[in-house]
Structure formats: C-alpha cells, structure tokens
Amino acid sequence: MDISKKDKLGVEKSGDHPNYHSSGMSADQQLGNPSISLVSAHPMVSSPCPSVSMVESFPPSLWNPSAHSQNSGFCGNNVQSSMAASDSMPVGKPVPGPLRLDMGWNPLDSSSKGSGIFLQTGSGVLPPSLPHFPTDSAFIEHPARFSGFHGGNLNGMVSPFSTAESLSSYCNTPKGVLGAQIQQSKMNTTEARMDASLPIDHGSSSRSPRKEQRDKGSLHGAGVSGNESGEHVFGGGGREEAPNLASPAGDSSSKGLAAKKRRRSDQGIEAEQLQGGASLPSVDTTKDNLDTKQKPEQNSSTMATVKSNGKQVNDSSDAPKEDCIHVRARRGQATNSHSLAERVRREKISERMKFLQDLVPGCSKVTGKAVMLDEIINYVQSLQRQVEFLSMKLAAVNPRLEFNIEGLVSKDLFHSRGGPSSSIGFSPDMIHPQLHPSQQALFQAGMSSIVNPSDALRTAINAQLSSINGYKEPMPQIPNAWNEELHNVMQMTFGPNPSLNTQELNGKPCEGFPM
Amino acid sequence: MHASNSFTEIFLKHMLLGLQNGVASKNMSFLQRKRAIKLTADVAMAFAKDGAKWSHALIMNLSKKTENRTLLRSILGREYERLTKPCLSWKMPRAKKILQRSFKMHSRIKKGARQLRGVNAASVRAGAAVTRTKVLKRLVPGGEHLDDSSLLEETLDYVISLRAQVDLMHLLVKALDVPNPNLCNKGESGEFLF
C-alpha cells in the first residue's frame, strides 16, 4: 500500500522536484518564523519533525496528491500539521487538506518514518528503490545529537535543532537543506530505527564508507545511511558497548563506522554552520577538520592505530582526504601520537561546546571555554531553581491536592501502559467531576505540543552525539499510541462541543514559559 | 516524535503517580509537600530518561536518604531495585583513582615549574575552565567521575531534561489550577487559561 502510494506521489512530484531544492533552502531560513506563529498551539518550534510525525500518524490521509509548493509547504507544513494534529484530536479525524507534504526535502526525507511520500518525492533524485528503504536507514544520519528528549518549549532555542534528521542522510542535498534538516530532527524515531537496522548496517558498514557515494544516491545512499544508522545504533548499543567497539576486535568495523560517523558529524556540523549563517567554504573547512577529528574519535581507544596512521600520514596536507580513517596531521602540526590524541580530544570537547552553545540561550556570541562554561552553569542553576519554584507553586496551587489523574490523562493511557510499569491500580470511577473537560483538553494539547519541540531538539542533539560516541537512546517506540489515545479521549470528551477544543487549543498558554 | 512522546508520557505518568501517592490527601506541611513534589518531578524525569548516566546517579542520590525511599519505591515500581543498585562502571577502582591523582599532581608540578616564567593568558584561561568544570561536575548529577567530553554530553542531556521538566511542571500548574466556580462550562473556560 505504501509502495503504490509512493509511486503515485513520486510520479506527481517528480516534476516539481527541481523547485524543491531551492525552496527547501529558503524554507530552511523560514523555519524560525512558523515556530513563532505556532506559539498558540505550542512552540512546536520550527520543527518539521513534528509535522512529519504528525504526517506519519495519519499516513492514509496524507497522501495528498495535491501537492503544495515546497516553500510554503514546508513552513506551512509545520504550522498546519501541528494545527491539523491538534485539531484532529478533538475532531477525531485527520485533516488531510491543510497537511502538506514536505516535498522539498525529498532526498532527505527518505528517513521520515513511514512517510513513503517523502521517499517518493525524493525519487527525482534517488532511484525508486529508495522508497522501500526502511525509515530506519533514513534516519541514520542525521547528526542527531541527543537521545530524543523533548526539552519542552524551546521557543527560540529549538530552531537550530529542529531540523529533520532524515534530511541529513543524503549528501547531495544542498547545504541549506541540510541545515533545515537538522532542524527537523526527530531523534527518537531514528534511534529506534537504528536499532532495527543494526544488523544490516554491520554488513554494509564495511562497504562504502565514502561520502561521495551518497551523492550517487539510491542504494549507496541507502547503504550509507544504513551504515550510519547502524553506527548510531552501534554507538547506541550503549555506551557500554563503546568500549567493546574500541577493542581491536571491532577495529575494521569501527573504522568503517568512524568514517560514517565522520560523515554524519559533517552533516551535523554543516547544519550547524548553516544555522550560524556560515558560508559554504567555511563549512568545507570545518568538514575537513571534522573529518580528521571524527575519524580518530572512533579509534581513539585504539591508540596504536592512531599512532601508526599519524606517522604514515606525515606528509600532512591542507585538505585531508575523506576516505582515510586515520588522523592526518595538519600542516605544521606535530605528528606525535600524544598530540594527535589530544587534538582529537580537544576537538571533541569543542564540538560539544558548540552544541551547548546552541542549547543555552544567549550564548551564540560568547566564545571561549570559560565563559561558555560560566553560562552553562548559570543556566543549569537557573533551571534547577525554576524546578524548585514550580514545585512550590504546585504545592500551593492545589491545597486539596486532589490530582485528578484520571481526568488529566486518558484512562487508556494509564491502563494500557500503566500495567507493566506501575502496580498501582486506578479505579475507573475516579474521574472527578470538578476537572473540567477544558482542563483536560488543555492538558492534553499541551502535552502533545510539549513533546514536539523537545523532541526536535533532542533528536538533533542526539543524532550528533550518538554519531560521536554511540550514546544510546533506549526509549521504546510507541507508535501512535499517544496520539491515538489522545484522539480517543478527545473524541469522548469533546464530541458534543468541538468548538470549545479548537478555541482552547488555539489559545495555548505557553507564552508564559520563560525561555 | 513517538519516542519523545514516550518520554513525556513516562515523565508525566510517573509524576502523577508520585503526586497521587506521595502527596495527595495527606496532611503535610507546605514545605513537605513542596519537597515531595520536587522529588517526584526529579525521579520522574530521571526515570523517563533512562539511558543517561545522570539519571541513574540522580536516582541513586535520592535514594540515599531513607525518607525518600517509600516514595521512590512507589514511583519506580519494579525498576526500583535495578536503579538503586550502584552502577559499577563509574565507580572506578581505587587503584585507578590513586593513579589518576598522582598523575594530576605530577602534571601540576610540571605546570607550576613552567608557569614560573610568568602568567600568560592561556594558562589563566585554562585555570578558569578547570574551576568551572569542577562546579559543573557538582551541578550535574553523577558528573564527578566523568571526563570533560562526557561531562559536557551529560550536561547537554541534563539541560534538555531540565527544560522539559520545567515545561511540564508549568503545564501541570496551569492544568491543575481549579477553575473559578463562577465560570460556566462552555465558552468561558478558555479565559482562565490566560
């Protein structure tokens, strides 16, 4: 079913393909705006990711042949998919009309979960075999950084991170797209996918480590992405596995993985650069630097390899080749193994600092480790203080402390998922009449919207980090369950008055969030 | 989206569980209640993000105090035993610690000898970074045993989690705010949201 639909879409969209790239880039820059306009619903933040996920949850309705222009589609997608998603909950039906497919991100979107459409739209660039490509492989690459976690209302902050990770997998996409891609990251799904594709990746990882192969698209891209996803998974296999990876046994595979990680981190770095508005040349240089950095990172545990490679490559060139896995000593720098390893370590730290810089608000202009650390410390302290203050507020807000749990979250949620993890049984007749259906709607809408920005951020960060050191996100994938349940609850409670819901959902009170 | 959904779900669910068990319908003083709520929130956050070192460390730190244990147990359920077991990977063996300490002393001595030539900007900057790193290690749960790069990574993760926690608690505050009984059911319910 997906295949046929994808084919249909591919045929229809292929004509529009050339427009998408350019529009994709401009869409990228527009990402920030729709997020702000979305504040009403919730700062879903410029994350096409949520739109994608929304898309995913209603795949049958999404295959709208009436394609929408890339540009507006992309931004509109955000707005509309979020609106549609929130609307669909109370209405009980996905709204296919406003939902737009991100046709623009065709080559990149192959990773989007279940959205065969995206894969298909990319068909203009990539061979039709791609659509069949499991979303897992697609996910791979994006320099997702952190295990998919949602940071809540990351209003201003999330935009750099909300790119879809799916976009990163394909090299040939223009850099602007990559940037946007990062912004859409949806790490969580990626990670699950990565786990699934790990066995495949292992096999293929040893094959084509070259980045250029991705440009050739199709299988290569798939393979690479698969590799990368495998790499993610690999790293994800847990940090515990990382040492195993490091052991000489996994040397060859780790080399392949390192190469892939390099590529992934390159994309991440590229996206980052783009966000910072850096020009392409700078991206290339950083990419090169990253190449050297990333390659040895994987092998850093195997010092011998680094050492020997470093010595081999004594004729340091200004532009290190990308197909080597070993560290190249840069021109004029010592090739001592110690200094090489230290350089690797320093670069790793600086990369992490860059992520943190994007995360902590108001740190873009700050340079230097000490000041950055200062800002980070202040931010963490302020967040902790906020938690304290909010807990005090919570203690005060409801003196009777009747937490109407049944009312707040759908019964189904607790019963279906509360079973394994909590032994506390809820009596079904605990619904207090005092809890307003409006509160419930508010809460659920808030919950769904809270998820998206954090999700996007987390995904972005996760992808990047996991590419570096195999940080694992063990979150279970609960496909559509949340949406479905909310859906059901909304249907139940809002059958009689759907208008109330939209009103509330539109008036999301998230502007109060201090960011 | 789904995975992040599940993060929020787990977070929220456990938070509400904890709130109901630990706080609701109990006669507690205000401060006690606030403490319990904060504990619930922290545990729920740590539990929802189970892959990170800081989450494990946070739960361990919280479980060290005996008064928290019942609440922890009720929230974590079956996972309680697993999570309160000390994670062996980051309790370094003593010999290694001694080695590290001696190495640091040695490098400090070397640096001291070098710095007699004069304080240059680089060394000052490096020193500042080191002190701040120490502060950060204290802030992030479980950060003492980590090296710089993984510390930064954990910080990143922790910051995201904290943000989500803050947002979720904001939401809870707004949702649990008892509406004015004067407001009628239909159209006016939107008012109190703002």
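Order of the sequence lines sets the chain letters (A, B, ...), proteins ahead of strands, with each chain counted from 1.
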Inset, instruction - Mind ranking A:Leu373, A:Leu390, A:Leu383 by heavy-atom pairs under 4.5 Å with chain B and telling me who comes out on top? - result: A:Leu390
Legend entry - Greatest number of heavy atom pairs closer than 4.5 Å to chain B - which of A:Ile349, A:Ile377, A:Val380: A:Ile377
Inset, instruction - Consider only side-chain N and O atoms of B:Arg163 and B:Tyr158, and report whether a donor and an acceptor are under 3.5 Å apart. - result: no
Inset, instruction - Name the member of B:Val140, B:Thr133, B:Asp148, B:Asp147 that forms the most heavy-atom pairs with chain A at distances under 4.5 Å. - result: B:Asp148
Inset, instruction - Please answer whether the main-chain N or O of B:Asp157 pairs with a side-chain N or O of B:Ser161 as donor and acceptor at a distance below 3.5 Å. - result: yes
Inset, instruction - Report the residues that fulfil salt bridge (Lys or Arg N to Asp or Glu O under 4.0 Å) with B:Glu144, sequence neighbours left out, ordered by chain and then residue number. - result: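 None.
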Inset, instruction - Check whether any side-chain heavy atom of A:Gln384 lies under 4.5 Å from a side-chain heavy atom of B:Leu139, and answer yes or no. - result: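 A side-chain contact under 4.5 Å exists here.
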